[in-house]
Protein chains: 2
Amino acid sequence: MKNKKLFSATRLPRFALATAGAASGLHATVVDQIGLRIVQGDFPPGEALPTADDSTEMLGVSRTVLREAIKVLAGKGLVESRPRTGTRVRPRADWNFLDPDVLSWRYAAGVSADDVKALFELRRAIEPMSAALAAQRATPEQVADLNAALAEMEEVCDDGERFAKPDLLFHQTILRMTGNELIGSLAALVETALIMSFRLSNDNPGGQRHSLPLHREVARKIAAGDGAGAQKALLVLIDNAEEDVRRSVENRNRRRAEREQTS
Amino acid sequence: MKNKKLFSATRLPRFALATAGAASGLHATVVDQIGLRIVQGDFPPGEALPTADDSTEMLGVSRTVLREAIKVLAGKGLVESRPRTGTRVRPRADWNFLDPDVLSWRYAAGVSADDVKALFELRRAIEPMSAALAAQRATPEQVADLNAALAEMEEVCDDGERFAKPDLLFHQTILRMTGNELIGSLAALVETALIMSFRLSNDNPGGQRHSLPLHREVARKIAAGDGAGAQKALLVLIDNAEEDVRRSVENRNRRRAEREQTS
DNA sequence: TATCATATGAATAGTATGAAGAATAAAAAA
DNA sequence: TTTTTTATTCTTCATACTATTCATATGATA
């Protein structure tokens, strides 16, 4: 009389842009479900998750699958398992927010103005500097990649959906051009920020066209080997992007507030 | 006639400073062993790991444990498993180098001059900016934490071993003072850099004493709310630290070269 | 005959389950 | 208060079975 399949085992409709983690399999859906609930506060830090037996029954999966999922979450710093005590959520300070999965869970439900600020704080530290390094170190092939991405952006700049991919590629190429693998691992951060932008850009008629000249300027400076110029140009681009996102979030929040007042 | 325990199941003598991942259990040792071998190039990207059955036999663990380990590594972007094909190492660009474990594997065996450059490039982007934010946002308790760390550094500055802990705490406190969780997750990066420093600082008679005035200056500026000053002071501190490490690496490499020539 | 589609089979990871072990917090006893 | 016991929970192992995918062979068709 086991009450299986209480949760449907369908994976979250995860906004996949391009490089998103290609994890597949039953255990990946469990990782997603539990990870999302932890990050979004269903299980606060310090609290114990349901026991293994309870969880398997609720999720309708075997212990094998559940244990694999728990171990993955532990590897990302979210939980810690011990006999007798159970599996507990670790303090937020131990979570690896730069992990692509954690990052996506963190911003899956929606973002506040503070969330936007946090994301762009880090982008502003990383990307302009990366552009400067890119200008000094990029190989000709990488410059070609950058220009290819730019060309595709120009081609599809009216179609919000199709614009996302080359835009992401543009920024990630710059990170890769630094030749610094640590910086390259921040690609997920940029991806998250761009996904936010595109989710909110309904408000933004005229699509992403207005950002094109700024991107062009960045690419030109990098190709010319002008580190300082590239740095400055990318900083302007990020400032603009943040302003766009911030405005969208404000609009959305205001509309929601109005709706709630009316009803 | 199973040839078990071919590998001893002892965990790597992992330099644990403070916040290092508290993972325990048999599967964690397997994660370490395989992860280290992948990151250090024993299994190049694109190559398949031994089949599950072979691995379990070689490592002397059950399939359960091995699978948990593989899933954790997949969660860090290192590998990808598919039926029939086996488990393959993913391209380096997909590895999450900012994961604390990956970071520690990356620099476990030793560092080159380029490694030092990469680490400090990122620190230089992050920490001075963080100090500026910290100066604006820190709570009184956090300022007290920072001063406490500084006091302990002053107290034990002659003992290289004991100096490491408060030094790490000092830098991580600054990251936390930004109130930006994403930045906080870069703590592992700083930890790795400091571990490198301390591993190499045998060359450095007089211990870490010379860095104390610089740390004091940073703390003072932050406490005074002087963001620009704190930023500048921390930049100087990092430049000095990099110079120390760079020199140590050079010395070590030169000595090694001499040894090899003699023998 | 050559080519394409379709079945068959083998290899591998994926999932499920039962049972024994080890660790530890809490309760009970000294 | 200290020690011992107990119960709970994760941990590990062993094994059976399933699902996926690639390679090969087979057969149909042009």
Side-chain angles (χ1 to χ4, degrees), chain A residues 1-11 21-34 38 43 46-75 78-90, chain B residues 1-11 21-34 38 43 46-75 78-90:
Chain A
M1 207 212 81
K2 287 196 183 166
N3 185 10
K4 289 202 170 185
K5 307 293 177 189
L6 208 156
F7 285 54
S8 70
T10 57
R11 188 107 176 261
S24 72
L26 193 44
H27 96 279
T29 76
V30 176
V31 170
D32 253 8
Q33 291 191 37
I34 303 181
I38 291 175
F43 303 111
E47 182 165 316
L49 266 51
T51 64
D53 287 331
D54 291 347
S55 293
T56 55
E57 200 171 344
M58 279 193 282
L59 296 164
V61 298
S62 68
R63 279 179 297 131
T64 310
V65 168
L66 180 73
R67 280 188 56 72
E68 285 168 9
I70 295 292
K71 292 297 185 240
V72 171
L73 294 172
L78 295 187
V79 301
E80 188 176 19
S81 302
R82 285 166 52 193
R84 170 83 196 194
T85 315
T87 299
R88 299 189 157 275
V89 178
R90 292 178 66 185
Chain B
M1 209 210 83
K2 288 199 184 164
N3 185 10
K4 290 201 168 188
K5 308 291 176 191
L6 207 155
F7 285 54
S8 70
T10 57
R11 188 105 177 263
S24 72
L26 191 45
H27 96 279
T29 75
V30 176
V31 171
D32 254 7
Q33 292 190 37
I34 303 181
I38 291 175
F43 303 111
E47 182 165 315
L49 266 51
T51 65
D53 286 331
D54 290 348
S55 295
T56 55
E57 200 171 344
M58 278 192 284
L59 296 163
V61 297
S62 68
R63 264 186 58 183
T64 310
V65 168
L66 178 74
R67 281 187 55 72
E68 285 168 9
I70 294 293
K71 292 302 180 221
V72 171
L73 294 173
L78 295 186
V79 301
E80 187 176 19
S81 301
R82 286 167 49 193
R84 172 84 193 190
T85 315
T87 299
R88 298 188 159 277
V89 178
R90 293 177 65 184

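Letters go in sequence order (proteins before strands), and every chain restarts at 1.
Comparing A:P83 and B:V65, the nucleotide of DNA chain D nearest to each residue sits closer to the 5' end for A:P83.
Distances shown here put every side-chain N or O of B:K71 at or beyond 4.0 Å from the OP1 or OP2 atom of C:dA13. For the pair B:R82 and D:dA19, the criterion of a side-chain N or O lying under 4.0 Å from OP1 or OP2 is not met. In this structure, B:R84 does not reach the C:dA10 phosphate: none of its side-chain N or O atoms is under 4.0 Å from OP1 or OP2.
When the C1' atom of C:dA16 is taken as reference, atom CG of A:L59 falls 15 Å away, rounded to whole Å. A:E57 places its CD atom 15 Å from the C1' atom of C:dA16, with the value rounded to the nearest Å. Across the protein-nucleic acid pair, A:H27 atom NE2 and C:dA16 atom C1' stand 16 Å apart, rounded to whole Å. Going from atom CG of B:D53 over to atom C1' of D:dT15 covers 12 Å, rounded to whole Å. Computed from coordinates, the B:E80 CD to D:dT20 C1' distance equals 14 Å when rounded to whole Å. Rounded to a whole Å, the CZ atom of B:R67 is 15 Å from the C1' atom of D:dA14. Here D:dT11 presents its C1' atom at 16 Å from CG of B:L66, a figure rounded to the nearest Å. Straight-line distance from the CD atom of B:E68 to the C1' atom of C:dT15: 14 Å, rounded to whole Å.
Looking at the side chain of B:L26, the nearest of the listed nucleotides C:dA16, C:dA13, D:dC13 is D:dC13. With distances taken from any side-chain atom of A:S62 to the nucleotides D:dT12, D:dT11, C:dT15, the minimum falls on C:dT15. When the nucleotides C:dA16, D:dC10, C:dA13 are ranked by their closest atom to the side chain of B:S81, C:dA13 comes out on top.
One can find a donor-acceptor pair under 3.5 Å joining the base of C:dG14 and the side-chain atoms of B:R63. One cannot find a donor-acceptor pair under 3.5 Å joining the base of C:dA25 and the side-chain atoms of A:T85.
How far CZ of A:R90 is from CG of A:L73: 12.0 Å, rounded to the nearest 0.5 Å.
Proximity of B:I34 to B:L59: side-chain heavy atoms (C-beta onward) are separated by under 4.5 Å at one or more points. Looking only at side-chain heavy atoms (C-beta outward), B:E80 and B:R88 stay at 4.5 Å or farther from each other. Counting heavy atoms from C-beta on, the side chains of B:I70 and A:E68 never come closer than 4.5 Å. No side-chain heavy atom of B:T64 sits less than 4.5 Å from a side-chain heavy atom of A:T64.
Counting any heavy atom pair closer than 4.0 Å across all strands shown, B:T64 reaches a base atom.
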